[in-house]
Amino acid sequence: MALPLPLPPMSYLPPLGGEGQEALGRRVAVPWRGEVRVGVVVGEGGRPSHALRHALAYLDGAPYLRPEEVLFLEEASRYLFAPLGQVLADFLPPSPELRHRVRLYPGADPKVLPKGLEALTAWQEARGFDPRLLDPLREAGVLEEEVAFKEGRRVLLPLKEAHPDPTLDRVLQALRSMGQAESQAALARAAGVGVGRVRRLLEEGYVGYGEPLASPPPGEPVEPLPLPERPERLNGGRFLERVRLLAGLVAEGDHLVLFPEVSLLERFLRHFPRARPYHGGLPPKEREALFRAPRGLVFATYGGLLLPFTPRSLVVVEEGSESYKLPSGSRAFVPPLAEMRARLLGVPLTYLSLVPAVEVLERPGLTFPVPRPRLLLVDLRRERGHPLTGRALALLKQVEEKGRQAVVLSPRLGYSALLLCADCGYRPNCPDCALPLRYHKEAKALLCHQCGHREPPPPLCPRCGSTLLEPRGPGLEWIQEELKRRLALPVYRYTKEEKDDLGPLLAGKPGVVVGTTALLRGPTLPELALVLLPYADGFLYEADFRAAERYHRLLWALTELRPGRRPLLALQTYTPDHPAHLALLEGSVEAFPWAEKALREALAYPPRVRMVKLEVAHRLEERALEAAFALREALKGVAGEEEVLGPAPAPIPRVKGQHVFHLLLKGSTERLAELLSRLDRRRFRLDPDPHRFVGLLED
DNA sequence: AGCACGCCGACT
DNA sequence: GTCGGCGTGCTC
């Protein structure tokens, strides 16, 4: 039985009265450290080395997971170097709440009840009793327990068309126009009548309780673009062409389509009336319902991988997206798991994306022609003007004159202005992280974007006393202000945290939006004519080997910000001849990934070998370094020179008051498992497929 | 993960 | 003498 906790499976005896029943894949309630928790049976039999406890109850009539899903969990656990329970925790939808009642077995002597538990001669809700008192009774076998999932939330639904009584009919029609009501009182309020009227309708059978309605799927279907053969990857094309290609791949029968994030899933969903969404944003009931009976065309985020059905095929959309990386738990990167799932189910898998990930390049596939981007490279080594060069301003002026729209993209808030001394080069740092503090003009404060540390800016340079201490670097706020100063256009802001109402823009009014990459997930601007990156290199200067691949993918994604038309993409950059730029000028989505792949081959980076990251962190640098070297030491004689990299300080060596060191291990899954088995897992955190090297791993 | 236990250095 | 951080073992 596996609990959704970072633990390997544990053994229990079947629930009393449940002996001999099929158990594999069923959910069970079990006593766990004094409380009751929900787990899934992942195996049967075995020879226990100690006395086992009884599970309390099966929670489902039929298995919740099939043997196929259990096998997948086992394989994924091996692949991710994570306990099976961790994988379960990552992929299982959250369990509904438990209703747990207890009493003393009717035959038992009430004298066994300790003080305070006398009430247990009758059924009682288990919560409210100290689990530490209940557990001994359970152990002694005198506690009768009843465990089941709580009844789901039920809503009021109309059952008939009309009611002869006009007053009651008004209430009925109110419910019909609402679709459903939370409660009798809610309906009465909405209809402006007393609850008595609603109760009458209920008694007469005109309304009744039922499951909440699923959200209605809108959608204008597209003409499918069928292919003679099913390729393993499909790239390029326009967005709508990829939608049509997908429609061709999943034309009939059961299919599972994975998306990196909900916003992209919904963009596709508009064209697939047949598709059912499955993701964390759905009401739990809806999600649960699909999990219990998955079929048809399912559009899902990563959790869809555990849906207990065998689709005809799997499609992974935008396999290179960073959003496939789970930030916590097993820290899995999803596409390889999708591949594993398809292999175990014996069904084909297709990657569908604009720019192929380096990892999938070698698969047989099709790349469709892409409209050549309109790219303008502004060389910051030659052009004057900061943060906006003369050329950039001229472009913005054009947008203004023509009454169009522009997007100005800043590389995260973290790159907002730095406070720099023009005399001595002094730059204030965060006392807890080894990061320069960012100057936030609106807040008139220096902020650490990593840990949130905040301090007032010094009036003079603390090092040389100069008055020339001022903000430098094109931060989002600075750019926003500069735009407001130079343009008559309204300026909007769009970040993950702060989303201005873009209503006027969506209605076609002119304006400029300043934002982060959150803009890629935002609404489509109908009159978008210009996309400007005032500091394109900011996206490139990140300390990991995938930074360039990400940047290239970002540029291509920007060319699709306004499907159907091609806004001008203007980049202010110190490296105009970067291969990613050349690839766009060439109009090739594949050229850069191929070059990148060759580079990775030469350096023995993924995908040639797997790489895992071990992270050691401590408040004291000495201790962190010591622990990191201890890991290296433990591998001495076991691992070869080329299999271990580091320890090295993390790109940002101090985060949240902790000094961070990394150790990288390279090799096959089996080899890595062997190396990791030599190490004490409590001494480090593991990332089984690192994509970024900045920051601390989350739990 | 979360908890108990024991060790050890630090400090009122 | 006590407190808190840290390593270790364990959960069925």
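Each chain gets a letter, A, B and so on, in the order the sequences are listed, and its residues count up from 1. Note: hydrogens, waters and symmetry copies are ignored here, and every other heavy atom, side chains too, is used.
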Closest-nucleotide mapping onto DNA chain C: is A/Asp680 or A/Tyr12 further toward the 5' terminus? I mean the 5' end. A/Asp680
What is the distance, to the nearest angstrom, from the CH2 atom on A/Trp32 to the P atom on B/dG2? 12 Å
For A/Ala332, side-chain contact (heavy atoms from CB on, under 4.5 Å) partners two or more places apart: A/Leu80, A/Leu326, A/Ser330, A/Leu337
Rounded to whole Å, CG of A/Leu5 lies from C1' of B/dG2 at a distance of 9 Å
What contact category does A/Arg37 fall into here, base, sugar-phosphate, or nothing, at under 4.0 angstrom with non-hydrogen atoms? nothing
Could you tell me whether A/Asp687 and A/Lys325 have a side-chain N and a carboxylate O separated by less than 4.0 Å? yes
Sugar-phosphate only, base, or nothing, as touched by A/Leu7 at under 4.0 Å among non-hydrogen atoms: base
ring-ring contact (aromatic ring centres under 6.0 Å, His included), paired with A/Phe259, selected from A/Tyr302, A/Phe299, A/Tyr278: A/Phe299
Determine, for A/Arg521 against A/Glu261, whether the closest basic-nitrogen to carboxylate-oxygen distance falls under 4.0 angstrom. yes
Qualifying residue, where the test is salt bridge (charged side-chain N to carboxylate O under 4.0 Å, His left out) with A/Asp689 and the options are A/Arg546, A/Arg331, A/Lys613: A/Arg546
Test side chain to side chain donor-acceptor pair (under 3.5 Å), reference A/His100, set A/Gln124, A/Glu35, A/Glu125, A/Glu145, output is A/Glu145
Taking every non-hydrogen atom, the tightest pair across A/Glu19 and A/Leu16: OE2-CA, 3.9 Å
Can you tell me the distance, in whole Å, between the CD atom of A/Gln86 and the C1' atom of B/dA1? 9 Å
Along DNA chain C, 5' to 3', what are the outermost nucleotides having an atom less than 4.0 Å from a heavy atom of chain A? C/dC6 to C/dC12
Protein-nucleotides 4-11 of chain B N/O pairs under 3.5 Å:
none

Kindly confirm or rule out a cation-pi arrangement of A/Arg26 over A/Tyr64, judged by NZ or CZ under 6.0 Å from the six-membered ring centre and within 45° of its axis? no
